[in-house]
Amino acid sequence: MTISRRETLRMSAGLSLLALLPPIAEAQSTKPAGHDLRLWYREPANEWTEALPLGNGRLGAMVFGGVARDRLQLNEDTLYAGAPYQPANPDGPAALPEIRKLIFEGKYVEAQKRIDAHFMGNPVSQVSYQTIGELTLTFGPSSNASGYRRELDLTKALSTVTYRQDGVTYTRETFISPVDQVLVMRLSADTPGKISFQLGFETPQVATVAIESPQEIVLSGRNGGHNGKDGALRFESRVRVVASGGQQSTGTDELVVTGADSAMVFMAAATSFKAFRDVSGDPTAITQDQMARAATRSFDDLYAAHLKAHSALFERVSVDFGRTEAADQPTGQRIARSQFQNDPALAALYYQYGRYLLISCSRPGTQPANLQGLWNEKLNAPWGGKYTININTEMNYWPAEPTALPELTEPLVRLVKEISVTGAETARIMYGARGWVAHHNTDLWRATAPIDAAFYGTWPMGGAWLCLHLWDRYDYGRDTAYLKDIYPLLKGASQFFLDTLVKDPASGYMVTAPSISPENEHRFGTSICAGPTMDMQILRDLFANTARAADILKTDAGFRAEVLAMRDRLVPNQIGKAGQLQEWKDDWDMEAPDLHHRHVSHLYGLFPSHQITTRKTPELAAAAKKSLELRGDMSTGWAIGWRINLWARLGEGERTHSILKLLLGPERTYPNMFDAHPPFQIDGNFGGTSGMTEMLMQSYDDQIILLPALPTAWPKGHVTGLKARGGFTVDLHWADMTLERVTIRSAFGEKATLVLGDDRLPLALKKGQSATFGLRAGGLVRTA
Ligand code: FUC
């Protein structure tokens, strides 16, 4: 611990005079743009969920900002437990006929027992994402510190800590460069000779610390084991301290700086992971190389490169929902006081924080954003900190396309390529099928078999859902070379289902069996079933997108016809006796034991898909609304996040805003604005950013729908730089709850219709053209 709770209280008591005055920079409520895009606090972090996250996609740090002792909890995105493995269960093909027979006889619990005994992965668990440990900087007593402030500036991806002590102002600035692949911290003071500290490591890993010189210290270790076997990864964190003035020496397991004018700390980290079946990397060589390149350069030089790379992504979208004095308070207080209703700038901050987090935890070449993005302090993270693909990983990437961060999906696309390799083995070994399959989770080693227990893991749709993201990348970017590259993945996913869908004896429809409607127990005491609504909806998208891709690429005419024919044989969406959209093939919803279940799987058709829309399928949209009413609004963080997107699709601004309020309140948002499942899980952050986008602009069915769910709490505002399907950029300004103007830029000259309420205006923009539209006599007209 950097500083005890009591110590902090003492500190804030010491600060009480200062606390009476508004902080100098925050006094007014009209601020230059960008100023509000900071998380800031008047005391150091005690809890991990108060610390502030930095990341370059691969390296992550949580900065606590202590005065007596600072902690930076460190992550590297390939540091998972375990070793390459293939858990596919060879008993599968022999067990399947009996499992299916039991399901079609209505013996669901018996089917579940069979699955648990013969159809689960071996081992039945996947591996956990792990922390490196912590970098600790020990300074001295904090008792007489004053004027403390720590902040994270989202526009700069920079953490700053400042305070005064004995008449000296101290500053620590930290960033993690996506360009130079190191963490950089600068410690400075306004008086020469005042920088003194000891720097060391603490870690729960099996690891050793080596002091290589008075300037360099290295933590090296092995990752944790899995299923009784040792881990296969080596990792290393290498830190160099370069002081200017003063002395540098060594203590036991630590570097010592005494009386310096300023100091720079560089941290590099790597593991021996190269690919999901190659652990031959050399973390020593990698970190030595990174250090040699970075540690000779100046802070300003490194920071300039970092800022340029960050701004190139972050600055693409700006958003403003209005500002009140509530925005002048420290971030933790704004959340704790639940004054969301009167603090529209908090929603804008949360919006941009979601984009900041995605930029910080998913970049080309890195691992995709996991359940905690990149940031995890444990050896055994909640749910292993892995990739849960029955909602959570998908939600992480919902904001990527509409908020103009398409290159950040590269790690996800690569993950799908990799699970199509392991998943082809799983398809063959467990189902005797062609193509590839992934169940409800995967990890660093790209395991794809059913895990945890039949109740949770018997879901062959994880890979198929991820294929929607592959298609969406094309739909927004319209890059045929990319489509050609990913087409085999769509085709392989479709092939698996052509081989494994079975005819439901009762209805004659083709169904998945065994499957589940994710994690929801139905009236027969288990989740195990055949052909739940979500599976059918995902397959309708998969088959349609595969066929469209084949069409665009002028290939596979026979296969295209085959998937389209199979698409017509799936169970349709059905409306049940309560007027709800049925979650299952049979009308079981009202007898399910948990009517308020967090998953709303059957509403996939409304969002993220657009099979159900208020315009195209009004009855089904009304049934989806009924289902949402029955489920209720309060739930886990991500489940609230999903509900925000769904209500926005229904065009219900007030309801959407009231649910957003639940997400941003203290029960579901930690002081550092991380989403609380609880515990911390990052999907809710991304679901929130996506949901707010859906409130302002939606794009599907060749329409760009403006302000579909604008709440009265945001009567005036703007959002610029959003992306719509078909290569459009949308800059939107509104006032008095109505459109003021919208500028649309077309990258490819595709056709689309601009929609505002009932008003529809066909767009005819050529490639590279832009136009501005406004309202005249209540109707949309081109104004420039
Ligand atoms: C799914 C959800 C849980 C949790 C886990 C990581 O299983 O049902 O709520 O988010 O993923």
Side-chain angles (χ1 to χ4, degrees), residues 49 80-81 120-121 124-130 357 361 367-376 378 380-398 415 438-444 447-463 465-466 515-522 526-529 532 534-535 538 583 592-604 608 631-646 662-663 667-670 674-688 690:
T49 46
Y80 277 74
M120 297 306 293
V124 76
S125 68
Q126 292 176 1
V127 302
S128 181
Y129 181 50
Q130 302 194 313
L357 290 172
C361 75
Q367 293 298 309
N370 66 31
L371 284 172
Q372 296 192 194
L374 175 63
W375 301 278
N376 160 44
K378 301 198 162 120
N380 288 306
W383 292 281
K386 39 192 202 290
Y387 300 98
T388 304
I389 52 179
N390 67 12
I391 173 65
N392 317 88
T393 305
E394 288 87 351
M395 183 175 286
N396 285 358
Y397 286 91
W398 285 352
L415 176 137
H439 293 81
H440 95 300
N441 252 284
T442 189
D443 60 14
L444 181 74
T448 45
I451 60 150
D452 293 346
F455 186 96
Y456 302 99
T458 314
W459 194 62
M461 309 306 298
W465 187 351
L466 289 172
S515 192
I516 63 173
S517 187
E519 310 192 21
N520 200 6
E521 181 177 337
H522 55 67
T526 170
S527 60
I528 303 298
C529 67
M534 179 187 226
D535 291 12
I538 290 176
E583 179 161 358
D594 183 3
L595 287 178
H596 304 298
H597 197 259
R598 60 195 181 286
H599 287 262
V600 281
S601 303
H602 51 314
L603 304 183
Y604 163 96
R631 274 301 215 269
D633 298 344
M634 189 56 180
S635 193
T636 63
W638 64 259
I640 295 174
W642 199 348
R643 284 157 172 76
I644 293 167
N645 287 270
L646 289 161
L662 298 176
L663 186 66
E667 285 179 72
R668 293 292 177 268
T669 295
Y670 290 108
F674 269 175
D675 166 57
H677 179 291
F680 165 52
Q681 203 169 284
I682 204 160
D683 37 22
N685 285 101
F686 297 131
S690 167

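Both counts, for ligands and for their atoms, begin at 1 and track the order of listing.
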ask   = Can you find a heavy atom in the side chain of Ser128 that is under 4.5 Å from one in the side chain of Lys378?
value =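 No, their side chains stay 4.5 Å or more apart.
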query = Do the non-hydrogen side-chain atoms of Arg643 and Arg631 ever get within less than 4.5 Å of each other?
reply =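 They are in contact (side-chain heavy atoms under 4.5 Å apart), so the answer is yes.
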Can I get a per-line list of side-chain donor-acceptor pairs under 3.5 Å for residues 450-462, giving both atom names and the distance, sequence neighbours left out?
{"unit_1": "Thr458", "atom_1": "OG1", "unit_2": "Ala454", "atom_2": "O", "d": "2.7"}
{"unit_1": "Trp459", "atom_1": "NE1", "unit_2": "Ile516", "atom_2": "O", "d": "3.3"}
{"unit_1": "Trp459", "atom_1": "NE1", "unit_2": "Asp535", "atom_2": "OD1", "d": "3.0"}

message = Taking salt bridge (Lys or Arg N to Asp or Glu O under 4.0 Å) as the cut-off, I'd like each qualifying pair that reaches into residues 633-642, sequence neighbours left out, listed once.
response = Asp633-Arg655
Residues in ring pair (Phe, Tyr, Trp, His ring centres under 6.0 Å) contact with Phe686, at least two apart in sequence or another chain =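 Once residues adjacent in sequence are excluded, Phe686 has no partner under the ring pair (Phe, Tyr, Trp, His ring centres under 6.0 Å) criterion.
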Approximate separation, where rounding is to 0.5 Å, of Leu444 CG and Tyr387 OH =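 Going from the CG atom of Leu444 to the OH atom of Tyr387 covers 7.0 Å.
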Show me the short polar-atom pairs for ligand 1: any N or O of it lying under 3.5 Å from a protein N or O, with distances only.
{"unit_1": "ligand 1", "atom_1": "7 (O)", "unit_2": "Glu519", "atom_2": "OE1", "d": "2.9"}
{"unit_1": "ligand 1", "atom_1": "7 (O)", "unit_2": "Glu519", "atom_2": "OE2", "d": "2.4"}
{"unit_1": "ligand 1", "atom_1": "8 (O)", "unit_2": "Glu519", "atom_2": "OE1", "d": "2.8"}
{"unit_1": "ligand 1", "atom_1": "8 (O)", "unit_2": "Arg598", "atom_2": "NE", "d": "3.0"}
{"unit_1": "ligand 1", "atom_1": "8 (O)", "unit_2": "Arg598", "atom_2": "NH2", "d": "3.0"}
{"unit_1": "ligand 1", "atom_1": "8 (O)", "unit_2": "His599", "atom_2": "NE2", "d": "2.6"}
{"unit_1": "ligand 1", "atom_1": "9 (O)", "unit_2": "Arg598", "atom_2": "NE", "d": "2.9"}
{"unit_1": "ligand 1", "atom_1": "9 (O)", "unit_2": "Trp638", "atom_2": "NE1", "d": "3.2"}
{"unit_1": "ligand 1", "atom_1": "9 (O)", "unit_2": "His677", "atom_2": "NE2", "d": "2.7"}
{"unit_1": "ligand 1", "atom_1": "10 (O)", "unit_2": "Asn392", "atom_2": "ND2", "d": "3.2"}
{"unit_1": "ligand 1", "atom_1": "10 (O)", "unit_2": "Trp638", "atom_2": "NE1", "d": "2.9"}
{"unit_1": "ligand 1", "atom_1": "10 (O)", "unit_2": "His677", "atom_2": "NE2", "d": "3.4"}
{"unit_1": "ligand 1", "atom_1": "10 (O)", "unit_2": "Gln681", "atom_2": "OE1", "d": "3.4"}
{"unit_1": "ligand 1", "atom_1": "10 (O)", "unit_2": "Gln681", "atom_2": "NE2", "d": "2.8"}
{"unit_1": "ligand 1", "atom_1": "11 (O)", "unit_2": "Asn392", "atom_2": "OD1", "d": "3.2"}

